[in-house]
Amino acid sequence: MRVDLLTDPIAGLDEALAVVDAFDDVLVAGLLRPQKIAGLTELADAVAGSPLASRVAEAAEKTAAGAAGEEHFVSLAAARIAVFGSVHDAIFARLAEATGRPQDEDPARQASETESPNLLAAARSWLADLARAGWQGIDHDLISGSAQVISALLAEPSLRRLAVLLDGFAAELAASCPGAALDRVPVRRWGDLWSRAMLLALHHEVSATSTVTGRLLPLGVDLLEHSTAAQVQVHAVVEPEDGTAPRLVRANVTVPKPDTIIGAGIWQLLRPHLSLLTAISEGRSMDLVDMPVTAEGDLLWQDEHARLGEPADAFSTARVVLPKAVTPMVAPLDRHPVRIAVPVFIEGYDVEGGEDEVTFTFAGNQLFVETDRIPAAGPLTPKAVASSSACIGLIRWDGGFRLQPLAVETTVRKKTTAVHAGAWAGGTTDKAGVKAEKAATDAAAVLRERAGRLLRK
């Protein structure tokens, strides 16, 4: 792992992000009568050498004149995503150079025709109205116009991805109405959501799916928690039975949750959907047979295609297998810096700072550690990270490369001990974990009793 490459500037990155920022400023006031047309011109200039050039140039001209239609907004959204895609690819290429791991070829994809073109047209129409009004022009009447469209989209399985995005986006906008009274607008976030939704409403892309048979070696667990939902993402390496190169894969599951269940109690909601969590707690591999997997490395987990295997130490996997693992390519719509999460193994560093702000230093090169991303639902703590000698983590990007720890090796009573963020995933005897699980069990029992009482009425 060449950490020095993560500290060197990436050519053209700041200029590309400035183009996006300029266009996002136009979206604040709206595209009906844009006040900052320079943002439109800069976006068109940024893609002038691409196949999008003529469409985006026309869209910028029509929008500046206040005569743009839905098709022009689609072109602007595509250009914005293309610019962010170039930023992602530049960062990803630097990471590939730093890790030295092989990269997979970009898989073939095809656009799939939907049986509900009118629903997609309705979604694009609402998104176009949103862009015309701008973030400062949103109100409850405008946002409520999405309700029927979202309800219809949620009923169509092939359009569920767009439906969930629009549902969350509309709820966030509704909570911010009226836009004219906002002190601070999340400009880039709303620009990301709007442009992504606009392209998802154009058509949905089908990624190639195959199956894999072999040994799955877990590396670590990333847990994301929201007041009404929780998601676990397991990062692992699979060694195919056919002897081909090992490859990086992920297994995800997302579940709804009540806001009263927090911390280690969340595992109770996730375990029934992902038997892999038991293997992680027990430090074991899993044997896969014909497990479905996408070209991007996402396992479409089905318990009937997996069984518990032999003991497998994550740090041994990180030291021996990870350096040879093939990194899958990223789908076009997922090429955004915020989605970068590349598993790495590092050791031989010095630790600087306290528990609140930890930095790993390698021969003068510093790598900032995001200890605030460590979930409370496990034994890994900032203190353990600050006293560690080796780390398995995810390299992310937030104005620079950052490391999110998934597991560390540290010294406890003169003995090297591994501490994992997902150690409680399949169950635990740890006192703090047992206490949190019991509290969650009691909360779930109360909620079930109340729900049953309501149903009986």
Side-chain angles (χ1 to χ4, degrees), residues 92 95-96 99-110 112 161 204-222 231-254 270-335 339-345 392 394 406-407 422 425-426:
F92 210 69
L95 264 176
T99 61
R101 295 201 296 258
Q103 303 291 301
D104 203 357
E105 295 182 359
D106 203 357
R109 298 176 180 85
Q110 63 179 22
S112 177
R161 189 182 186 190
H204 65 283
E205 200 173 62
V206 178
S207 175
T209 303
S210 59
T211 60
V212 62
T213 297
R215 184 170 67 150
L216 184 72
L217 303 168
L219 289 168
V221 174
D222 184 18
Q231 180 191 63
V232 64
Q233 185 173 74
V234 179
H235 294 266
V237 178
V238 65
E239 294 181 316
E241 188 181 55
D242 60 11
T244 55
R247 59 184 297 197
L248 283 169
V249 292
R250 298 175 297 265
N252 304 277
V253 65
T254 303
L270 294 164
R271 284 177 199 137
H273 303 278
L274 195 65
S275 60
L276 176 56
L277 297 179
T278 300
I280 290 168
S281 283
E282 296 179 1
R284 298 170 68 178
S285 64
M286 293 206 81
D287 297 322
L288 308 183
V289 179
D290 295 332
M291 179 69 76
V293 60
T294 69
E296 289 79 32
D298 289 299
L299 297 172
L300 307 179
W301 194 265
Q302 298 175 25
D303 278 347
E304 59 269 25
H305 292 283
R307 62 182 176 83
L308 285 173
E310 298 297 320
D313 175 62
F315 280 91
S316 296
T317 299
R319 287 184 169 97
V320 178
V321 187
L322 181 58
K324 303 177 291 184
V326 176
T327 302
M329 294 299 290
V330 183
L333 273 184
D334 293 338
R335 283 176 169 149
R339 294 180 63 90
I340 290 175
V342 177
V344 296
F345 169 72
I392 299 172
L394 300 175
L406 299 181

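The residues of the chain are indexed from 1 along the displayed sequence.
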Q. Tell me, do L216 and S285 make a side-chain contact under 4.5 Å, heavy atoms counted?
A. no
Q. Quick one: salt bridge (Lys or Arg N to Asp or Glu O under 4.0 Å) pairs with a partner in residues 307-321, sequence neighbours left out?
A. D287-R307, R319-E347, R319-E409
**Q.** Contacts of Q233 that satisfy side-chain hydrogen bond (donor to acceptor under 3.5 Å, both in side chains) - sequence neighbours left out
**A.** H235, N252
Q. Can you name the residues that form a salt bridge (charged side-chain N to carboxylate O under 4.0 Å, His left out) with R271, not counting sequence neighbours?
A. E437
Q. Can you list the residues that meet the side chain to side chain contact (heavy atoms under 4.5 Å, CB included) rule with P328, with sequence neighbours excluded?
A. L248
(Q) Quick check: closest heavy atoms across A318 and P323, and the distance to 0.1 Å? (A) O-CD, 3.4 Å
Q | Heavy-atom side-chain proximity of R101 to V342 below 4.5 angstrom | A | yes
Q | With E282 via side-chain hydrogen bond (donor to acceptor under 3.5 Å, both in side chains) - residues at least two apart | A | R284
Q: With sequence neighbours excluded, tell me which residues meet side-chain hydrogen bond (donor to acceptor under 3.5 Å, both in side chains) with T213.
A: D290
(Q) Testing the basics here: between P240 and P246, what is the closest heavy-atom pair and its distance to 0.1 Å? (A) CD-CA, 4.0 Å
(Q) Which residues pass the side-chain hydrogen bond (donor to acceptor under 3.5 Å, both in side chains) test with T244, not counting sequence neighbours? (A) D242
**Q.** Heavy-atom closest contact (P218 atom, A236 atom, distance)
**A.** CA-CB, 3.7 Å
Q: Return the set of residues passing side chain to side chain contact (heavy atoms under 4.5 Å, CB included) with A96 (not counting sequence neighbours), or none when no residue passes.
A: Q103
Q) Who pairs with A306 by side chain to side chain contact (heavy atoms under 4.5 Å, CB included), at least two apart in sequence or on another chain? A) M286, L288, M291, W301
Q. Roughly how far apart are S275 OG and H305 NE2, rounded to 0.5 Å?
A. 11.5 Å
Q: Mind listing the closest non-hydrogen atom pair of L219 and P343 along with its distance?
A: CD1-CB, 4.1 Å
Q) Can you check whether T99 reaches V344 side chain to side chain, under 4.5 Å on heavy atoms? A) yes
Q: Would you mind reporting whether L217 and L322 have side-chain heavy atoms less than 4.5 Å apart?
A: no
Q: Go through the structure and list residues passing ring-ring contact (aromatic ring centres under 6.0 Å, His included) with F92, not counting sequence neighbours.
A: H88
Q) Under the 3.5 angstrom rule, does the side chain of S281 hit a backbone N or O of A425 as a donor-acceptor pair? A) yes
Q) Can you tell me how far the CG atom of L406 sits from the CG atom of L394, to the nearest 0.5 Å? A) 4.0 Å
Q: Check whether any side-chain heavy atom of L299 lies under 4.5 Å from a side-chain heavy atom of V212, and answer yes or no.
A: yes
Q: Using the test salt bridge (charged side-chain N to carboxylate O under 4.0 Å, His left out), find all partners of R247 that sit at least two apart in sequence or belong to another chain.
A: none
Q: Enter the distance from L276:CG to L270:CG here, rounded to the nearest 0.5 Å.
A: 11.5 Å
